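Within every chain, numbering begins at 1; the chains are lettered A, B, ... in the order of the sequence lines, protein sequences first and strands thereafter. Since we're looking at a predicted model, the values are computed, not measured.
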Amino acid sequence: MHDLAAFRKEVDAYARRLAARGFVLDVDRFRELDEARRKKLAEVEELRALRKRESAEIGKLRKAGRDATERQLKVRQIGERISALEAEAKQAEEAFRDFMAGVPNVPHESVPAGGSEADNVELKRWGAPPEFDFEPKAHWDLGPQLGILDLERAAKVARARFAVYWGAGARLERALITFMLDVHTSEHGYTEVLPPFLTNSAALFGTGQLPKFAEDLFKIQDEDLWLVPTAEVPVTNLFAKEILDAASLPVKLCAYTPCFRSEAGSYGKDVRGIIRQHQFQKVELVKFTRPEDSYDELEKLTADAEHILEKLGLPYRRVVLCTADLGFSAAKTYDLEVWLPGQGTFKEISSCSNFEAFQARRASIRMRRAGGKPEFVHTLNGSGLAVGRTWVAIVENFQQKDGSVLIPDALQPYLNAEVLGADGRLW
RNA sequence: GGAGGGAUGGCCGAGCGGUUGAAGGCAGCGGUCUUGAAAACCGCCAACGGGGCAACCCGUUCGUGGGUUCGAAUCCCACUCCCUCCGCCA
């Protein structure tokens, strides 16, 4: 959601910036809806002011023991007109709000212009892709071979695009979650939270998944509850409708949750293996900052996510998304892409964004400086990291010729092992 | 699921249907005092929307949505959430 006063004042500038990300703002429609709404509002308010004055007069008359029947009749008629006008005003307000709710955030000035994801810009690379003296396998071959990944049985108990991890595979997933949370809390200063895995629609509106992207979500039947597509939703909304002390910012939270996505519209993409699943595990980083600090904090948050990859020795690159590839709520996004030898490509493993005040306005997350007025905070979040894809990256990057997988040093204490043997056991 | 109690400003908390946007306290801000700080004392302090260059004016908001009334924080109905007790249960 945008700052209405600013938006109204500079609609054309907003339209230009929105066009850069491929969104066509209907400026005429905006003006029409905005003016209609304000006109109705003014009418209603004028009548309400009149009624207020008249009612007070009646109060005085009656206190003085005088008759006010005539005035009462008159005010009753005003009341009827108010009711009628209120209904119209409400309708105009809703039409306007629906319109605004569908307008995405505008890209930050530092975001490269582009027409598609092909225009995203690589900013850095870390680590060298491993060299193999054999043909490296993809995880969808290696996992089942080791007996640690089972997609057939997952489809039996759920459906396609779910996974069952067995033995060392399950342990590896769990170790990664704990490892990531430990690093973020003890080395990067985040506070761990364990939020609900279901949220209501107000929370999803706050972060921007609703109303536009309902088809990407799983919903509980007959309840106002949805499975979380990312911990961003429950964690960002933790402070919805609150006013934080500016001195307490930035607030840095990290959370593990499973994430549930219907993946409607992604048919044919990443069909093999566990790259794209209806359920996956993720450790998420969320920050609430003062507006002037948010871009510095985005750099730090992204570096925090990168630190996990570096500790695990996984080669990756950082990409800044171009205007066309930006998500609905984001003003700027860095994607971290990990090298996957089985597929010979970099694959997104983390997405770190600054939403500026876009989510804060939708969810009403504010702060107050000493003695000042409430101001909207800036919100940020990023994966730190997607656990399932980290699992894939480890299995594919550290595979040996015999099918065993070397465990990165940083993870060894969590698995109490140095290698995941060709027999699927940890040694 | 059953019975009862509750929801008011950043926080706590009062509030006969008619200058109540709402007492009081805490916190915050400004000042007096002090070498400085604390204490004490004085003053200021809700949010959102609309209008205006501005001073300012108007409206809305006391969990949410309806209703009664000339007029609702205050009365009625429904719902949501929280607390206590009972039942069931990881």
> When the distance from CD of A:Glu375 to P of B:C48 is rounded to whole Å, what number comes out?
Replying inline: 11 Å

> Tell me: CG of A:Leu41 to P of B:G49, nearest whole Å?
Replying inline: 11 Å

> When you compare B:G67 with B:G13, how far apart are their C1' atoms, in angstrom units rounded to a whole number?
Replying inline: 30 Å

> So do A:Leu176 and A:Leu411 actually touch side chain to side chain, heavy atoms under 4.5 Å?
Replying inline: yes

> Which residue, A:Glu93 or A:Gly79, contacts RNA chain B at a nucleotide closer to its 5' end, judged by nearest heavy atom?
Replying inline: A:Glu93

> Which value, in whole Å, describes the distance between the C1' atoms of nucleotides B:G21 and B:U61?
Replying inline: 9 Å

> With respect to the side chain of A:Arg8, which nucleotide from B:A47, B:G50, B:G18 is positioned closest?
Replying inline: B:G50

> Can you say whether the rings of A:Phe7 and A:Phe30 are parallel (under 30°), tilted (30 to 60°) or perpendicular (over 60°)?
Replying inline: perpendicular

> Taking the same atom, C1', in B:U8 and in B:U64, what whole-Å distance lies between them?
Replying inline: 15 Å

> Is it the case that A:Arg362 places NZ or CZ above or below the six-membered ring of A:Phe205, under 6.0 angstrom from the centre and within 45 degrees of the axis?
Replying inline: yes

> Closest nucleotide of RNA chain B for A:Ala56 versus for A:Ala370: which of these residues is on the 5' side?
Replying inline: A:Ala56

>> Please give the distance between the P atoms of B:C16 and B:G6 as a whole number of Å.
In response: 14 Å

> In whole angstroms, how far is the C1' atom of B:G51 from the NZ atom of A:Lys39?
Replying inline: 16 Å

> For B:A46, does either OP1 or OP2 sit under 4.0 Å from a side-chain N or O belonging to A:Arg368?
Replying inline: no

>> If the threshold is 4.0 Å, N to carboxylate O, is there a salt bridge linking A:Arg31 and A:Asp34?
In response: no

> Expressed in whole Å, how much space separates the C1' atoms belonging to B:C12 and B:G51?
Replying inline: 37 Å

> Quick one: A:Lys241 NZ to B:G10 C1', roughly how many Å, whole number?
Replying inline: 17 Å

> A:Ile243 CD1 to B:A27 C1': how many Å, rounded?
Replying inline: 14 Å

> How does RNA chain B look in dot-bracket notation if pairs are Watson-Crick or G-U with both distances under 3.5 Å, crossing ones as [ ], other-strand ones as |?
Replying inline: ((((((((.[[[..)..(.....]]].(((((.......))))).((((((....)))))).[[[[[..)....]]]]])))))))....

> What is the nucleic acid contact for A:Arg76, judged by heavy atoms within less than 4.0 Å: base, sugar-phosphate only, or nothing?
Replying inline: sugar-phosphate

>> Set out, in order, the CA-CA distance, both residues' side-chain angles and the distance that settles side chain to side chain contact (heavy atoms under 4.5 Å, CB included) for A:Arg48 and A:Lys52, then state yes or no.
In response: CA-CA 6 Å; A:Arg48 280 205 280 235; A:Lys52 219 174 178 175; over 6 Å; no

>> Roughly how many Å apart are B:G2 and B:C88, using the P atom of each and rounding to a whole number?
In response: 15 Å

> Looking only at atom P, what distance separates B:C26 and B:C81, rounded to whole Å?
Replying inline: 36 Å

>> Can you tell whether the side chains of A:Arg97 and A:Glu94 come within less than 4.0 Å, N to carboxylate O?
In response: no

> In whole Å, what is the span from the CZ atom of A:Arg62 to the C1' atom of B:G18?
Replying inline: 10 Å

> What is the distance from CG of A:Leu47 to P of B:C70, rounded to the nearest Å?
Replying inline: 17 Å

> Tell me: CG of A:Leu225 to P of B:C81, nearest whole Å?
Replying inline: 10 Å

> Can you find a heavy atom in the side chain of A:Leu204 that is under 4.5 Å from one in the side chain of A:Phe213?
Replying inline: no

>> Between A:Thr379 and A:Phe288 (side chain of the first, backbone of the second, donor and acceptor by atom type, cut-off under 3.5 Å), is there such a pair?
In response: no

> Are any of the side-chain nitrogens in A:Arg369 or A:Glu375 under 4.0 Å away from the carboxylate oxygens of its partner?
Replying inline: yes

> Expressed in whole Å, how much space separates the P atoms belonging to B:G31 and B:A22?
Replying inline: 27 Å

>> Check this one for me: any side-chain N or O of A:Arg366 less than 4.0 Å away from OP1 or OP2 of B:C48?
In response: yes

> Tell me, which pairs form a salt bridge (Lys or Arg N to Asp or Glu O under 4.0 Å) where one or both residues lie in residues 152-170 of chain A, sequence neighbours left out?
Replying inline: A:Asp150-A:Arg153

>> Protein within reach of the bases, or only the backbone? For nucleotides 58-65 of chain B, mark each nucleotide 5' to 3' as B, S or -, using heavy atoms under 4.0 Å.
In response: BSS-----

>> So, does A:Lys373 get its side chain near the phosphate of B:A47, meaning an N or O under 4.0 Å from OP1 or OP2?
In response: yes

>> Under a 4.0 Å threshold between the charged nitrogen and the carboxylate oxygen, would A:Glu187 count as salt-bridged to A:Lys311?
In response: yes

